[in-house]
Every structure is written in structure tokens, then in C-alpha cells.
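Please read the structure below before turning to the comments.
Residue numbers start from 1 in every chain, and the chains themselves are labelled A, B, ... in the order their sequence lines are given, proteins ahead of strands. Worth knowing before you read on, the calculation uses all heavy atoms, side chains too, and leaves out hydrogens, waters and symmetry mates. Everything numeric here is computed off the predicted structure, so don't read it as measured data.
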Amino acid sequence: MSCTVDARVDLSVDIAGVKLKNPVMVASGTFGFGTEYAAYMDVSRLGAIVTKGLTLQPRTGNPPPRIWETPAGMLNSIGLQNPGIDAYLEHHLPALRAFKVPVIANVCGDTVKEYAEIARRLECHEGADAIEVNISCPNVERGGIAFGSDPRSAVAVVEAVKRATSLPVIVKLTPNVTDIAEIARACEGAGADALSLVNTLLGMAIDIYRMRPALGNVFGGLSGPAIRPVAVRMVWQVREAVDLPLIGMGGIASFEDALEFILAGASAVAVGSGTFADPACAIRVIDGIGQYMANNGFERVSHMVGLAHKCR
Amino acid sequence: MSCTVDARVDLSVDIAGVKLKNPVMVASGTFGFGTEYAAYMDVSRLGAIVTKGLTLQPRTGNPPPRIWETPAGMLNSIGLQNPGIDAYLEHHLPALRAFKVPVIANVCGDTVKEYAEIARRLECHEGADAIEVNISCPNVERGGIAFGSDPRSAVAVVEAVKRATSLPVIVKLTPNVTDIAEIARACEGAGADALSLVNTLLGMAIDIYRMRPALGNVFGGLSGPAIRPVAVRMVWQVREAVDLPLIGMGGIASFEDALEFILAGASAVAVGSGTFADPACAIRVIDGIGQYMANNGFERVSHMVGLAHKCR
Amino acid sequence: MHLEAQILEMHAITNDVYSMTLQCPGVADSAQPGQFVHVAVAQPGSTDPLLRRPLSICDADRSKGTVELVFRIVGRGTRLLAGRQASERIDLMGPIGTGFRRPRPGRVPLVVAGGIGIAPLHFLCRALLSVGVSPYVIAGFSTRSDMILVDRLVRYGAKVQVITEDGSFGLAGKVTEYIERAAQEINSHSHGEVELYACGPLGMINSVREWCLETGVFGQVSLESRMACGTGACLGCVLRVITASGEERYERVCVDGPVFDVRRIVTC
Amino acid sequence: MHLEAQILEMHAITNDVYSMTLQCPGVADSAQPGQFVHVAVAQPGSTDPLLRRPLSICDADRSKGTVELVFRIVGRGTRLLAGRQASERIDLMGPIGTGFRRPRPGRVPLVVAGGIGIAPLHFLCRALLSVGVSPYVIAGFSTRSDMILVDRLVRYGAKVQVITEDGSFGLAGKVTEYIERAAQEINSHSHGEVELYACGPLGMINSVREWCLETGVFGQVSLESRMACGTGACLGCVLRVITASGEERYERVCVDGPVFDVRRIVTC
Ligand SMILES: Cc1cc2nc3c(=O)[nH]c(=O)nc-3n(C[C@H](O)[C@H](O)[C@H](O)COP(=O)(O)OP(=O)(O)OC[C@H]3O[C@@H](n4cnc5c(N)ncnc54)[C@H](O)[C@@H]3O)c2cc1C
Ligand SMILES: Cc1cc2nc3c(=O)[nH]c(=O)nc-3n(C[C@H](O)[C@H](O)[C@H](O)COP(=O)(O)OP(=O)(O)OC[C@H]3O[C@@H](n4cnc5c(N)ncnc54)[C@H](O)[C@@H]3O)c2cc1C
Ligand SMILES: Cc1cc2nc3c(=O)[nH]c(=O)nc-3n(C[C@H](O)[C@H](O)[C@H](O)COP(=O)(O)O)c2cc1C
Ligand SMILES: Cc1cc2nc3c(=O)[nH]c(=O)nc-3n(C[C@H](O)[C@H](O)[C@H](O)COP(=O)(O)O)c2cc1C
Ligand code: FES
Ligand code: FES
């Protein structure tokens, strides 16, 4: 399909100074550290790879079951199992770099200080081309409420990370809030270079035959096509609230889905659970966007970003 | 299926003084005023019928398109089209009463005063067995933010309606909030007799070929199986926060789905969009719950309510 | 009525248009031209696609108890339907909606079909012919390979003029360019006054509407809308109409339509 | 490998167990006993069910380039798969996972199968027999009508003892009640030390594990877990294991397993 794309179609985008050859990334936590899917697809074709969430110390994660399928979606309660920032730099980064694709490190912390410390180590070890700050994590110092559900906590994290690094800082918002635009504006004010949205919706399921929560952790994050209408709506609202570049995600399984986000205001997109259903999903999305641009006379991705706001 | 159910299984429930022969209602806005589905199913078997949202004055509703299908779900932007409370009492109520099923009137207002006035008229004309107060409606006096997304606005509505009527008052919560338990506690404090949850998730879709929002109203409410994990999670959280009886809904399409809500803490459930996919959905749910109770030795629905909290 | 009907026959008419014949006496008995059935498309156990798909009754045979649907693959729902096979069962609701009013005595029905819009008009024509009324049909298609149901209409005795956009069969151009001519022909031959029946793409419907309003010809059009319930309950499929008293309001395509008097349509 | 394979043959073995034979030389060539494939179950165009389903490779024939899956209908995914027909194509990833280690020279494999758990063990037995190693199989089923693959194993030359819970065929009881006896029989006949291979329901796996730990027999079990990616990326399918150094951690059933040394299992 890609070979038939008009030569004038330029898929490249620039997100907060990171140059991507196309606007399609793979979302944090759904693509491990890049090598896991190498046997199933051409990883080097991706616009960028976002790593699994990294913490300062290794994390063992939540007790199983961690996965539960739901209609057109899935719940996960991985609980940030990861080898820690140092093991990442030593063991995973070299293989990840070999794909010659921009690497965005997704980071998470229990405290503001932890976020800043991870950001510092990432910069001084050239551990990423940009940092995606996951503010869906519980703020341990404030009773476990997610940093991202309160503008002040969000600002504290973003300011600390910005001070700690000169890498571009992308803030990844949680959708579990009353007013996403308010959080987005707070992050913009605190110096964020771009925003990713959305993280998973908080959900749960009951195993009615065992009469207990299906997940070992009770609650889990809902992802997949089921959540796309909520995610597109939030990209639309945030587009109207801030001027930052947005990375849209939540249920992308086809190029049509990706274009919904782009037309709603996302400069790039990420494929998450869609890769589980089809390892070639991101590749199909890249090719499909190119084809759509050729068919509709768009020369650059930026010409499509937010276009649906104008056509109202 | 119902004939094979153990005679000792008692499906009846009592919600804030309203006696239902089984815990399965049809959700507001998905069953019109009861007669629309009479050609397709036995309406008299329902536990209760919740009416389309009623306002003081007739409403014309939003411009089409009003419906857009999404993965395992749908968006709607009906915009409360309804004939107004007086036409309801005169034209729709008699036929609705003929089903000999408890009627719950879903009501909505632009202002606190409007809510109270509708509640008053419903009581003095015996227009319902209970009132379901839809607080997802925009508060016109406060810049259009939904009453239900702010505890103070919610309290104002609930208190006003309670003063205006002696009918049981069920408050229907919106899921588009950071902390559903906070809103639930506020409603309990204001005198609500029961809570319904959830209303639709705010969502949108883009028609990528027309490059504009798919719905005439841009935003719409997401319903259907897609949202069930979010709805079950909120029932679970609210169960832990308040002592009121809960009516669970959001994506119920089978008896298994209904049992998730009951085991999470709902005393009754409502089938909404599931009826669009299968007009017999609510009936299947009633029969399936009976069978499940017989298989698992439950004699009363109340024995199952919230059980998954204990089995953790 | 809500039932499971067995698929008796299933075949492709063109590249992307399929005919599905169902055994469902209840529907066949009461079906009126212009009515539709609301068909479940998802596989059992799957909740995606969630909603049913409305399909016009293209033919109904009371003696055999069969109903025929003719549909074009335009998206995933119709694609799933096209994959169904004879002997499988299909879940449907119907017949639904307010169909076509028969022409007043002495009037001559001018039937204007655009593409797949010929499906409900096929049933209408058969019903008219069976009571001795002879419709004059103009049926437009993009190109000759898209032509459907014309042979059958001719066989039953309808007068049919085919128009293709590329001129590959019949007259060249758009069906709406030939309405005036057809009306004149009817007038000169039969001296009966024309009543118009139409179904097709929006652009065609708009032209038909304008022509009717200009000429004062009574016209009925079958319209489409995205539907959820198909019973009138959800208010999702509404169309803006103008009432006799001049006031505008929304009516439901599923039960107040799908057939509307052109004079009542505001925008579509 | 990610590919679309053609279904060559599809048939019901019992009431609810199906055999599906696929043309996929790439998978057949490299498949090892204990590995699985990750199969897409939704209809094209439907996103529900979203996730693939892991199914063990029950047989692989390199010369024909075919792979056989044997699966039981337990939910909507397996029901959808059972509805697929020969000549259709199916989307799969694989072969995936760390399979069974062959027994050390001179050891006698004791294979313990519970129900549908016989599927991966069937492939294991064929592979062992093809290199001259003769497994001793004890295979448990609820009742005689659930018995699968036993005839084939016997045909290849494996020694198979069937156990049914209701005693309707072979010995009566649970398969785990017969492990000790089987091991003694092996010892008395062949004087070889036993190595155990097992796959089946959790209760059986737990008994097998205890028996191995008590007797010091080296045992490998194939485990199940709900999976999303099937590549090791999502960390969704983890199992708590105990490492050589005594420390506990989570390992991925999809790539670190599905076959685990019983001594490493903490809970399952
Ligand atoms: C009363 C009525 C009778 C109909 N009769 C027939 C018929 O006899 N034969 C036939 O082929 N089609 C008929 N249609 C149209 C048919 O319902 C749609 O083509 C079908 O629902 C599309 O489903 P899908 O999943 O394949 O497409 P989707 O994936 O849902 O959409 C694909 C494309 O079809 C358009 N579309 C989808 N649904 C509708 C709709 N309800 N109305 C208009 N456009 C739509 C979308 O805008 C999109 O461009 C009828 C529609 C109505 C309302
Ligand atoms: C490595 C591996 C190899 C397997 N090999 C085979 C095989 O060869 N033949 C075979 O019939 N089955 C096999 N299974 C199990 C098979 O994957 C599940 O039965 C299937 O995924 C169920 O899907 P479903 O949609 O039909 O059921 P669902 O509707 O998803 O669930 C129905 C029931 O099955 C249980 N279940 C669902 N998924 C799993 C799972 N992954 N593990 C355990 N229980 C589950 C649920 O708890 C539930 O009770 C294997 C599983 C794994 C992990
Ligand atoms: C198994 C799994 C693990 C995830 N882990 C992380 C994570 O570590 N950090 C993070 O910011 N988001 C994480 N996410 C969220 C995804 O990056 C993405 O925001 C979300 O899944 C929505 O996209 P999707 O619907 O395309 O999957 C995870 C999602 C899944 C499904
Ligand atoms: C078409 C439609 C109209 C609705 N109208 C109303 C309404 O008037 N008042 C209200 O409180 N909820 C309304 N709802 C919300 C439903 O009552 C229900 O809370 C929601 O759809 C979730 O349930 P479901 O997933 O089973 O549909 C409407 C939902 C739909 C789909
Ligand atoms: S489709 Fe629901 S009212 Fe017409
Ligand atoms: S299924 Fe994703 S890590 Fe095993």
C-alpha cells in the first residue's frame, strides 16, 4: 500500500523538537522495550517508540490476574512492573536504539522528587529523545490520588521534571477527571512541551462465577476501541484549551481511527492495545494515513491537524 | 427459561419503597414512554419503566445526526427532545400505566426551580411511582456545567426536589467526574432515597470523510457494552461510600452483565442501549438472573447485592 | 414482530449488491411497500457492531411466506451480512415504518430510483402492478454494471427507463434530468395526472423535492437516517419536517417515515 | 511470525472439542512441543472480542507444512473459532513460547494429561516417539465421551492409560491418583528414572507439583493465563515464580513459559 502513496505526501511531524518520520507511535506499556514485537513487524517503520513506564526502583507489579477482556476493550492492572531506570539504561536501551527510531521514555514516580530524579538520569545517560511524564500514578504524599487528577499536583510534577532535564517533556494526562481542559492548561502553564492523551479509563469487572473482582488488583485501566469516543472528545476539548502539540491515543485500531484524533487536533497518535489485536496495526495506520492524504490532497500531516474544528 | 427457575427464587426488590417484581428496569431515553416496544416484547414483565427525560416545557432536541455507532457502543445527542411534563401526564401516562409496571419519571431542568416544579406536578397528578433526577443536565445559571459534576449544584437540586415531592427521589449520577463517591455522598446527605448510575460518558466521533464531527451537536453521550467496566467500577466505589440502594446501568446486554452490577453493589439494574440491539434484552436478563440464582442457591436478590466486596 | 428468520437464498447480484431471501411468513403477510426490517448484524457473542441495520423490504411473497432484501455493501455491517449463508438464521424486527400511500385513483405513478434506492420501489411497483396500476419507472445507476432489479420490473410489466451517469446503458446523465420528460410523456400518453415516488441518494431526493414543489406534483420519498431502536423510542433518527400548520419539528424516520410527503421535508 | 493461514480441515471431535488443521509451513517448520499460536477470533471489521486466543500446537507436520489445533469451546472466542470453515483464512502469530525440554538420555517421560490439556502433550509425544523415546501417558477425562487424541497416541506407539472420573472408560478416578502407580510401573519395567510432563486444569497441576516436589522427580508443566500481547510486551500474563536464588518474581507465561519447571512455581 505504501508504495502507491503520492510522492508529495510528507508524513513527517515534529513534536516539541523531536522529529518523527511519521505521526504514529506505539503507546507506553503496550510495546515493552521495542524488541518484543521485532519478530512480528518492522519496528523501524514506527514514528517513535514509547517505553513501558519506568520508575526509579524496579517494581514487581500487581498480583495476577492482570488482564480481563471487555467489550471492544480490555482491562489491565499491570501495576507498573518494570526493571527500574538503571536496568533500563543498561539492558534495554541499546537494543531499543538499534531500531533507529526516536525513543520516548515514559516515567512515573511516587513523589515529585522521584519524577525529577528519573528525568535527570535519562538526560545524562542519553536514555531518550523525549520524556513522557505519566501523571496517572498515585501521589503517595497526598493520599494516593493520581497526580493528574488535580491541577496543583500536576503542575508540581511538570515543573520539577522541566527543571531536571532539557529533554522535551510530554505530559500524559489521565481521562479520569471532570475537566480535562483545566489539567491541560495547568500543564501548559507549568512548561510542558506537549501533551499525550489519554491514559486508560479506570474500570473494573466482576467474575460472576467466582463472585469476586476479575482482576487481582480489583481496579484496572480500560483501553482499546471501546474508549475511543471519550479519547477523541478529550483531544478535541484540549485542542480548544491549549496551544501545545497533542499526541492522541485511546482505541486506535485502524487508520480511520487515527485520523479521527488528527482531525480533532492531535499532531501525532499512538497505537496501544490495537497492537495486541494485530501486531501490524501501527504499520497499517501509517500506510493508511499516507493513502488518505494522497486521496484527499493533503501534503503534510500538519494540514489536517484539528481540521474538524474549522469545518463545524 | 423462566419456567425452570426454582420456585424458591424470589426476584422481587424494594427500591426506596417502590416494589419491583424483579430488579430489571429499562433505562431512561431508551424505551420512550413504554408503548414503542410493545409490539416486540412483553412490557409487563419489566421490573419498572423509566421514562424519557421530561422537562417543564417541550424540547425540540438537537439537530441531526443524533446517533453514531462506536465500537461496542453508540453516541447519542438527542438533546432531551420530549413533549414536556404536561403532555406526558395527559398523553403518555395512561398507556404507560396500562402495563401495570412501576413508572419512574426521569426529569431534567435548566434550573433548580424547574426541577422542583416538575417534581411537584408529577406528584400531584400521580405521574410516577418515583422520580429519577437526571443531574447530567447543564446548569444554565452556572455557565452550563452539569449539575452532577459539582457536589454543591447536585445538593441544591436534590434538596429542592425532596422538598417538592413526597415521592421517592432517585438521583442519577453522571460518570464524567473525577470522584463519583464525593458526588454520591453529597446526594445522600441531601436526602436522596436511591442513586442511579451511570449516565452516558461524554464522547464524540469525527466523520473522517466529511472531516467534521459526526454528530450535529459535536458531543454526545457514549453508552453500550463499551462503557460497562467504567460503570461497574463506579457502582463498586459508590457502594463503599454510601448506604443508599443503587440502580446500576451502563452496557448491560446479558444477565451476566447485570450480575456484575449486582455483585458490585447494585440492588437493581437498568437495560439501556442493549434493548436497541435486542428488544428482548431485558427479558433475557430477568430470566438469566433467576436461573443464576437457582443454580447458585440464592433465594433473594438482596443476598447477592455487593457480594463481591466480601469475597475479596 | 421480532424473530429469527431462516435465510433461504443468498446471492450476489453485482460486485457489491446482494440479495437475501428470508423465510418469515409473519413479516411477508403484513409488509407494505416502503416498510423496512431492522436486522442484527453482529455475530452471536459479539457486541460489535452493536446496532441493527435498517433494510427496505424489496419484495414479499405472501403465498411463500418469504421476504427479499437487496443491499449494497457500504461498511462493516453490510459486509457482515453479505457473509451470511443460506440455511443460517438471522435476527430481525419488522415490518417497520410508514410506507408509501397508493396513488389516488386515476393517477399515474412516476417512480424515480437512484442506485440501491430501487429496493423499496421494486416492492412498490409489484404491489401496484398486482392491483392493475402501471408505474412508469426511471432508474438511475452510475454505470451499467451497477444496474439491478430492472429486468425483474420489466418482466412484471412495468415501463422502465434506465439512465446511467456514464451513458453505458440507456440514457446518459442523472436520473433527475429526466423527471420532467417522463412526466410529460405520461401526460401525453395516459392523460393521467402524475404522482411521484422516489428513493435514492440525498442529492437526488433534493432535486426531486424541488421539482415536485415547482410543479405541484404530489411526491413521496423514502429517506434514510442512522437508526438505533427502529421503534420510535430513542428519537435518534429524526428529520426536520414542517407540519401542516407551518411549524417545524423533528419526526422519526423509523416510524413516522421512512416515507415522507416531499412538502413536509425541510432539509434532508 | 504473523501470518494468515488457510484452514485445510475443520471438524468436531466431541460435542465441544474441535480440530482445526492449518496450512502454515513457517510455523510447522519451527514449532516445538509446548509452544502455542495466538489466534485472532473476531470477524474482520469487528473489534469484539478484541484479544487473540492462545492455543497450543497439538500437532505439526513439517513435510506437509501443516499445524493442528485442538480446542474446546469454553466461551465466545472459542465458539467463534469453532464456526470457522475449511478454506477460510485465519490470522495467527507463532510459534510462541518456551516449550518442553526433552528428557535427559535414559529417562522415561511420564506424561500426565487432564482433559483438553492433552493437546500440547500430543505434539510432545509424537516428537518423542520420532526420536525413539517412548512416553508413558496417563490421560484423564470426565467421562468416556470427552476422550480425545488417545487413539492417535496409541497408534503412534505410546503406552496410554485412560482414567475417567466416572469410570466409564479405563480406570476410575482422577488422573493424579494414578501418578504414583504409573511411576512405579515405569521403574519396575524399564528401570529408567521418570521425568514428568503435564498439562491440565489447575487442581491437577497443583497435585502434580506436590508429587514432584515430594518425590524429587523433575517435572515440567504447561500453564495457562489470560493473555493480551503474546509477545512478552504487556506483562499481563504473569505467574509468580521462585528463582534459583530463592527470590520470588513474576514471569510471563507467554514467552518465559508456558512450560515451567514445577520447582519454580509458587502459586498457580
Ligand atoms: C429505512 C431504511 C431503509 C434502507 N434500505 C436499504 C436497502 O434496502 N438496501 C441497502 O443497501 N441499504 C438500505 N439502507 C441503508 C443501510 O441501512 C445502510 O447502508 C447500512 O446501515 C450501512 O451499514 P454498514 O455497517 O454497512 O455501514 P457503516 O459502516 O455504518 O457506514 C458506512 C457508510 O454508510 C453510511 N451509512 C451508514 N448507515 C446509514 C444509514 N442508516 N443511512 C444512510 N447512510 C448510512 C455511512 O455514512 C457511511 O458512509 C436503508 C436505510 C434506511 C434508514
Ligand atoms: C499457552 C496456552 C495454550 C492453550 N492451549 C489450548 C488448547 O490447545 N486448547 C484449548 O482448548 N485451550 C487452550 N488454552 C486455553 C484457551 O486459550 C482458552 O480456553 C480460550 O482463550 C478461551 O477463550 P474464550 O473466548 O472461548 O473464553 P472466554 O469467554 O474468554 O472465557 C470463558 C472461560 O474460559 C476461561 N479462560 C479464558 N481464557 C483463558 C485462558 N487464557 N486461560 C485459562 N482460562 C481461560 C475463563 O476463565 C472462563 O471461565 C490455552 C491457553 C494458553 C494460555
Ligand atoms: C497493558 C498496558 C500497559 C500500560 N502501561 C502503561 C504505562 O506503563 N505507562 C503509561 O503511561 N501508560 C500505560 N498504558 C496506557 C497506554 O499507553 C494507552 O495510554 C492506553 O492504553 C490507551 O490507548 P489504547 O486504547 O490504544 O491502548 C498501558 C496500557 C496497557 C493496555
Ligand atoms: C438514546 C439515549 C437517550 C437517553 N436519554 C436519557 C434521558 O433522557 N435521561 C437520562 O437520564 N438518561 C438518558 N440516557 C442514558 C441512559 O438512560 C443510560 O444511563 C445510559 O445509556 C447507559 O446505559 P446503557 O449503556 O445500557 O445504554 C439516554 C441514553 C440513550 C442511549
Ligand atoms: S431509530 Fe430510534 S426513534 Fe427512530
Ligand atoms: S501476554 Fe503480554 S506479556 Fe504475556
Side-chain angles (χ1 to χ4, degrees), chain A residues 68 70-75 145-146 149-150 174-179 201-214 218-220 222 224-237 251 253 255-264 292 296 304 307-312, chain B residues 68 70-75 145-146 149-150 174 176-179 201-214 218-222 224-237 251 253 255-264 292 296 304 307-312:
Chain A
W68 191 261
T70 68
M74 59 175 281
L75 289 162
I145 290 171
S149 62
D150 168 48
T174 165
N176 302 300
V177 296
T178 308
D179 184 359
L201 268 67
L202 192 62
M204 77 176 288
I206 307 274
D207 184 333
I208 66 159
Y209 296 106
R210 299 192 307 143
M211 297 175 202
R212 57 166 68 188
V218 182
F219 299 129
L222 181 65
I227 72 168
R228 197 172 64 237
V230 174
V232 171
R233 182 262 294 182
M234 289 188 164
V235 166
W236 177 280
Q237 290 177 317
F255 80 88
E256 290 96 333
D257 304 342
L259 283 160
E260 285 199 59
F261 283 91
I262 293 172
L263 293 167
Y292 176 92
N296 292 279
M304 301 188 291
L307 205 61
H309 291 262
K310 285 160 206 148
C311 295
R312 261 199 290 173
Chain B
W68 191 262
T70 68
M74 59 176 281
L75 289 163
I145 290 170
S149 62
D150 167 46
T174 165
N176 302 299
V177 296
T178 309
D179 184 359
L201 268 67
L202 190 63
M204 77 176 286
I206 307 274
D207 184 333
I208 66 159
Y209 295 105
R210 299 193 306 142
M211 297 175 202
R212 57 166 68 186
V218 182
F219 299 128
L222 181 64
I227 72 168
R228 196 172 64 238
V230 174
V232 171
R233 181 263 294 182
M234 289 188 164
V235 167
W236 177 281
Q237 290 178 319
F255 80 89
E256 289 97 333
D257 303 343
L259 283 160
E260 284 199 60
F261 282 93
I262 292 172
L263 294 167
Y292 177 92
N296 292 279
M304 301 189 291
L307 205 62
H309 291 260
K310 285 160 206 147
C311 296
R312 262 201 289 173

>> Is there a side chain to side chain contact (heavy atoms under 4.5 Å, CB included) between A:R233 and B:L75? Walk through the geometry before answering.
In response: CA-CA 11 Å; A:R233 182 262 294 182; B:L75 289 163; over 6 Å; no
>> With side chain to side chain contact (heavy atoms under 4.5 Å, CB included) as the criterion, how do B:L263 and A:R210 come out once you've worked through the C-alpha distance, each side chain's angles and the decisive distance to 0.1 Å?
In response: CA-CA 11 Å; B:L263 294 167; A:R210 299 192 307 143; over 6 Å; no
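Atom CE in A:M204 sits 9.0 Å away from atom CD in B:Q237 (nearest 0.5 Å). Atom CG in B:N296 sits 8.0 Å away from atom CD1 in A:I208 (nearest 0.5 Å). Rounding to the nearest 0.5 Å gives a distance of 10.5 Å between CG of A:L222 and CZ of B:R228. Between atom CD1 of residue B:I227 and atom OG1 of residue A:T70 there is a gap of 11.5 Å, rounded to the nearest 0.5 Å. Atom-to-atom distance recorded for A:L259:CG and B:M211:CE is 8.5 Å, nearest 0.5 angstrom.
Taking each heavy atom of A:A308 and B:P213 in turn, the nearest pair found is O-CD, 3.7 Å. The nearest pair of heavy atoms linking A:A205 to B:E260 is CA-OE1, 3.3 Å.
Looking at B:F261, neither its backbone nor its side chain comes within 4.5 Å of chain A, counting heavy atoms on both sides. Looking at B:L202, both its backbone and its side chain come within 4.5 Å of chain A, counting heavy atoms on both sides.
The side-chain heavy atoms of B:V232 and A:I206, taken from C-beta on, include a pair separated by under 4.5 Å.
For B:T178 and A:T178, the side-chain atoms include at least one donor-acceptor pair closer than 3.5 Å.
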